[in-house]
Amino acid sequence: MPNLSAYAASKAGVVRFAETLAAEVVDNSIDVNTVAPGALNTRLLEEILAAGPEKVGKHFYEQSLKQHQSGGTPLDVGAALCVVFGLL
């Protein structure tokens, strides 16, 4: 994800943190999960589109535009996944 290194690194960091935390608390019968529901149409997507292809890269901009037009994954899907995991 050219020009979005902080965003990409933070996503990877959250996943690695969850994996490490899960290993640390497994003996206490605590489960730790992350949820990756897919491409959501959020404010970040609007910011990417507003920045334009010259700042986020042509390929990523075109992918983002296609996602915006298709609707992406509905926000309630991500929320529902969190509720389901919380009940397990």
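One is the number of the first residue; the rest follow in order along the sequence.
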For residues [X] and [Y]: do they belong to one hydrophobic cluster (side chain heavy atoms under 4.5 Å, members Ile, Leu, Val, Met, Phe, Trp, Tyr)?
X	Y	answer
V56	Y7	yes
L21	I30	yes
F17	V32	yes
L44	F60	yes

Exercise for review: Could you pull out all residues at least two apart from E19 that satisfy salt bridge (Lys or Arg N to Asp or Glu O under 4.0 Å)?
Suggested key: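 Expected list: R16.
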Practice item. Just jot down the side-chain hydrogen bond (donor to acceptor under 3.5 Å, both in side chains) partners of E62, sequence neighbours excluded, or say none. Key: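 Once residues adjacent in sequence are excluded, E62 has no partner under the side-chain hydrogen bond (donor to acceptor under 3.5 Å, both in side chains) criterion.
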Review point. Should side-chain heavy atoms under 4.5 Å link Ile, Leu, Val, Met, Phe, Trp and Tyr, which residues sit in the same cluster as L40?
Key: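 L40 clusters with L75.
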Would you give the length of the straight line joining atom [atom1] of [X] to atom [atom2] of [Y], rounded to the nearest 0.5 angstrom?
X	Y	atom1	atom2	value
T73	D76	OG1	CG	10.0 Å
L4	K11	CG	NZ	11.0 Å
E54	Y61	CD	OH	8.5 Å

Kindly give the heavy-atom pair with the smallest separation between [X] and [Y], and that separation in Å.
X	Y	answer
G71	N41	O-ND2, 3.0 Å
P37	G78	CB-CA, 3.8 Å
T34	A18	CG2-CB, 3.2 Å
I48	S64	CG2-OG, 3.6 Å

